[in-house]
Amino acid sequence: MTSLPGRRGRVAATALLLGAALALTACGEQRVTTADAPSAPPSSSPGSPAASPYVEPGAHDGAPHYRENNAYRLPGEMSPADAKDARKEAARIEPVLKRLWGRKKWDPKSVRAAMLKLGYEEERTGPKGERLGGTLTVRGMEPRFETDHYVTPEGARVGLRVHPDACVTAFVQKTNYQVSTNGPYVETGCFEPPSGH
């Protein structure tokens, strides 16, 4: 580095420090003046982070760390034998929900009564959330945000624990009904947890 004599050196050093300070306080904004504009357009838009080279296996939309960040929203794995048992129970439940839907009976009380007639027992839990028996849970629908407020649609959700690693989940509401199988969720058992955490 060449030293500049006297006042000119101090002015140059001060300008250099001010330039560095301004660059550091830009808060991630990219600013290009005509003097230092590149000849080719930049590959990413100003302020957007570069895409991560790491894509986690099984990641939704290729998002890095998707599975890690959304573990609570991902169902557990079912063994092949238990998945087969869950599909068998789903086949028993589907015609009952179809019939209820056709009769416009989708309230939790009617759905619970129909499920109990299939021989399922309501799940019971202790004061600390421990399972005490039973395999069936019937609840109302989850509230969902529409336009500017939350709305709880009419209908019922069904969760049936077939095995510790296998569930049947279903719903019936005014517009439709659906029955599916899945492994349990870490925090919410057979039911998919609501979004946001």
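None of the values given here were measured: they were computed from a predicted structure. Counting begins at 1 with the first residue of the sequence.
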Original post:
Going from CG on Leu100 to CD1 on Ile93, what distance comes out if it is rounded to the nearest 0.5 angstrom?
Top reply: 11.5 Å

**OP:** Using modelled atom types only, decide if a donor and an acceptor are shared between the side chain of Asp165 and the backbone of Ser79 within a distance under 3.5 Å.
**Re:** yes

**OP:** May I ask you to decide if Pro164's main-chain N or O and Arg161's side chain share a donor-acceptor pair within less than 3.5 Å?
**Re:** yes

Original post:
Is a side-chain donor-acceptor pair under 3.5 Å present for Glu123 with Thr137?
Top reply: yes

Original post:
So with a 6.0 Å cut-off around CD of Glu121, is the heavy-atom count from everything else above 12?
Top reply: yes

Original post:
Taking the side chain as C-beta and beyond, is there a heavy-atom pair between Trp106 and Lys174 under 4.5 Å?
Top reply: yes

Original post:
So do the side chains of Arg112 and Glu122 get within less than 4.5 Å of each other, counting heavy atoms only?
Top reply: yes

**OP:** Answer yes or no: is there an ion pair linking Arg139 with Glu142, defined by an N-O contact shorter than 4.0 Å?
**Re:** no

Cluster link [X] to [Y], ILVMFWY, side chain under 4.5 Å:
X      : Y      : result
Leu136 : Tyr185 : no
Leu160 : Trp101 : yes
Phe171 : Leu118 : no
Val168 : Met78  : no

Subject >> Option among Asp107, Val96, Val111, Val158 that satisfies the side-chain contact (heavy atoms from CB on, under 4.5 Å) test with Val172 >> reply: Val111

Subject >> Minimal non-hydrogen separation, Leu97 against Gln178, with atom names >> reply: CD1-O, 4.4 Å

Subject >> Face-on cation placement of Arg157 at Phe191 ring, 6.0 Å and 45° thresholds >> reply: yes

**OP:** I would like to know whether Arg92 and Tyr120 meet side chain to side chain donor-acceptor pair (under 3.5 Å); could you show each step before the answer?
**Re:** CA-CA 11 Å; Arg92 290 182 68 213; Tyr120 302 124; 3.2 Å; yes

Subject >> Test log, rule side chain to side chain contact (heavy atoms under 4.5 Å, CB included), inputs Thr125 and Leu132 >> reply: CA-CA 5 Å; Thr125 55; Leu132 300 177; 5.6 Å; no

